[in-house]
Student: 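Please read through the structure below; I'll follow up with questions.
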Amino acid sequence: MAVKKGTPKIVIQGGGRLAGELSVQGAKNSILPLLSATVLCQGESVLHNCPNLSDADAACRILNCLGCKCAREGKSISVNSKEVLNTDVPKDLMREMRSSIVFLGAILGRTHQCKLTFPGGCELGPRPIDLHVMALRKMGVNIEEKGGFLNCNAPKGIQGANISLALPSVGATENIILAAVTAKGTTEIHNAAREPEITDLAEFLNKCGAKISGAGTGTVIIEGVEQLGGAEHTVISDRIVAATYLCCAAITRGELVLKNVDYRHISAVLPVLEQMGCRIYTYDDNKIYINAKKQLRAPYKITTSAHPGFPTDAQPMFMALASTLEGTTMFVETIFDNRFRHAEGFSRLGAKITVSDRVAVVEGTDKLTGADLEATDLRGGAALITAALFAQKTSTITGITHIDRGYDDIVGNLKKIGANIKNA
Ligand code: UD1
């Protein structure tokens, strides 16, 4: 693969052992719904522990375009939503960030109307929003899908409703909560997503005056209130970033202390590392120590599922790790159709992987060799970095805008713990 001169890339000289201490950034998947939730607040909100991410910047641009005044100072973002002047999200801003669909529920909740582009497919395969649309229609929203646009309005206001989701979609659960907090009456969501980011969203909204109970369980109940004020809130730590750094430590057979992490949020991830032979200690409520200096072995099978199961977003980094362990691991992906694209990059490094539909079989090898790689999606990109840390000789990774969507200075952080890595 010829890399065009001047293309930004990450250069990694693998083979070294990582050791040290890292603090985990705030969660990308929390900051985006939290920023959209500020649209509902008739006042100022301040969010702390906000990572520097291109997706967060895109969400701020959407807020400013709506008339909410959004400003960042270090890791804090303030949003003043006293006036929402605009109810349409322009096409180019929608395109910048697929998860911008989470603005739909918030804008509707505040103004009872909204126009935005229909999010198309993405790197992980088709990402339908039928569950979002079905639920909002049940809540009295007229939705017209035309020419790639969603035209939504609720002339009689949003009504509470009883909603059962066919599958526990994270985005649909968030959109329903956002539309329901200021709706008339009570909304019940059954088979709701139970991800920690849903709980974080509900905690922020409750601080603003909402009445939400059951977040983090399969049944969420939202009693509509007249209006919301602003609030101050600290974003939870990013469990997928934590899993990434744990895999980076393990693949280099190193040791690492992660600070500012909630180990309960990765309770399905830690036992897999232990099964491989890593020693893991959790302590002080927010720290994890991993030691991977022993001979590690491949786990038999990793199946992704909705929280509290093994997260699909951590699957690529675990595949990188499994590629370097003695034995065979079967990966079964149950959430997305097209989530093994990173396997091609691993193969370029010398990994032995066979992919068939949603199953990948990885035969571990003790030698990977550096190569020119291209990130094609966010977590797949982080997984290429993980694999390149093990590979002998030099790897270059292009497509790093994908990685910047979700990782706040991954290069600087890995360098801090001894990786031979740089931006070029
Ligand atoms: C969120 C996360 C993403 C993570 C995913 C699954 C954010 C910003 N993104 O994405 O990192 O990988 O959860 O944990 O929080 N589906 C439908 N119809 C719908 C909605 C979803 O069929 O209306 C399907 C999707 O195609 C997918 C599955 O449900 O196969 C899960 O999607 P969902 O939980 O909605 O993921 P996102 O909210 O998009």
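We count ligands from 1, going down the list as the structure has it; atoms in each ligand are counted the same way. We number each residue from 1, following the sequence as shown.
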Student: Would you tell me whether S54 and D404 have side-chain atoms, one donor and one acceptor, within less than 3.5 Å of each other?
Tutor: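 Not at all, the side chains of S54 and D404 share no donor-acceptor pair under 3.5 Å.
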Student: Decide whether an N or O pair under 3.5 Å exists between K28 and ligand 1.
Tutor: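 No, there is no polar N/O contact under 3.5 Å.
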Student: Quick one: CZ on R379 to CG on D313, what's the gap to the nearest 0.5 Å?
Tutor: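 If we round to the nearest 0.5 Å, R379:CZ and D313:CG are 5.0 Å apart.
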Student: For S99, take its heavy atoms, then give the atoms of ligand 1 lying under 4.0 Å from any of them.
Tutor: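 Listed by number with element, the hits are 8 (C).
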Student: Considering only heavy atoms, does I335 approach ligand 1 within less than 4.0 Å through its side chain, its backbone, both, or neither?
Tutor: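 The answer is both, backbone and side chain.
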Student: Counting only nitrogen or oxygen atoms and a 3.5 angstrom limit, does L131 reach ligand 1?
Tutor: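 The answer is yes, given that L131 and ligand 1 share an N or O pair closer than 3.5 Å.
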Student: Return yes or no for this condition: an N or O of D130 is under 3.5 Å from an N or O of ligand 1.
Tutor: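 N/O-N/O distance under 3.5 Å: yes.
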Student: For a quick check under 3.5 Å, do Q25 and S237 share a side-chain donor-acceptor pair by atom type?
Tutor: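 Looking only at side-chain atoms, S237 and Q25 do not form any donor-acceptor pair under 3.5 Å.
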Student: Within the structure, does F336 bring an N/O atom to less than 3.5 angstrom of an N/O atom in ligand 1?
Tutor: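 Among all N and O atoms of F336, none is under 3.5 Å from an N or O of ligand 1.
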Student: Would you say ligand 1 has an N or O under 3.5 Å from any N or O of D313?
Tutor: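 Yes, D313 has an N/O under 3.5 Å of an N/O on ligand 1.
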Student: Give the contacting part of R339 toward ligand 1: side chain, backbone, both or neither, where contact means a heavy-atom distance below 4.0 Å.
Tutor: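 R339 to ligand 1: side-chain contact only, backbone stays beyond 4.0 Å.
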Student: Is the closest side-chain donor-acceptor distance between H132 and E174 under 3.5 Å?
Tutor: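 Checked: H132/E174 side chains show no N/O donor-acceptor pair below 3.5 Å.
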Student: Which residue from A314, P128, S305 reaches closest to atom 25 (C) of ligand 1 through any of its heavy atoms?
Tutor: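 It is P128 whose heavy atom sits nearest to atom 25 (C) of ligand 1.
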Student: Hey, is R95 close enough to D92 for a salt bridge, meaning N to O under 4.0 Å?
Tutor: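 The answer is no: the pair does not qualify as a salt bridge.
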Student: Table please: side-chain donor-acceptor pairs of residues 204-212 below 3.5 Å, with sequence neighbours left out.
Tutor:
{"from": "N206", "atom 1": "OD1", "to": "I212", "atom 2": "N", "distance (Å)": "2.9"}
{"from": "N206", "atom 1": "ND2", "to": "I212", "atom 2": "O", "distance (Å)": "3.0"}
{"from": "K207", "atom 1": "NZ", "to": "E232", "atom 2": "O", "distance (Å)": "3.3"}
{"from": "K207", "atom 1": "NZ", "to": "H233", "atom 2": "ND1", "distance (Å)": "2.7"}

Student: Side chain or backbone, does V170 bring an N or O within less than 3.5 Å of an N or O on ligand 1?
Tutor: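 Yes.
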Student: Distance-only criterion, 3.5 Å: show the donor-acceptor pairs between side-chain atoms of residues 136-149 and protein atoms not counting sequence neighbours.
Tutor:
{"from": "R137", "atom 1": "NH2", "to": "I143", "atom 2": "O", "distance (Å)": "2.7"}
{"from": "K138", "atom 1": "NZ", "to": "N162", "atom 2": "O", "distance (Å)": "3.0"}
{"from": "N142", "atom 1": "ND2", "to": "N153", "atom 2": "OD1", "distance (Å)": "3.3"}

Student: Decide, yes or no, whether a salt bridge links D409 with K415 under the criterion of side-chain N to carboxylate O below 4.0 Å.
Tutor: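 Salt bridge between D409 and K415, a charged N being under 4.0 Å from a carboxylate O: no.
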Student: Answer yes or no for Q315: is there a heavy-atom contact with ligand 1 below 4.0 Å?
Tutor: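 It does not; every heavy atom stays at 4.0 Å or beyond.
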Student: Looking at ligand 1, would H132 count as a contact under a 4.0 Å heavy-atom criterion?
Tutor: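 Checking ligand 1 against H132, which is what was asked, there is a heavy-atom contact under 4.0 Å.
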Student: Under 4.0 Å from a heavy atom of T312: give me the atoms of ligand 1 that qualify, with their elements.
Tutor: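 Once the distances to T312 are compared, the set is 6 (C), 12 (O), 14 (O).
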Student: If you measure every N/O of S169 against every N/O of ligand 1, is any gap under 3.5 Å?
Tutor: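 N/O-N/O distance below 3.5 Å exists for this pair.
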Student: Any ion pair linking K82 and E44 (charged N to carboxylate O, less than 4.0 Å)?
Tutor: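 No, this pair does not count.
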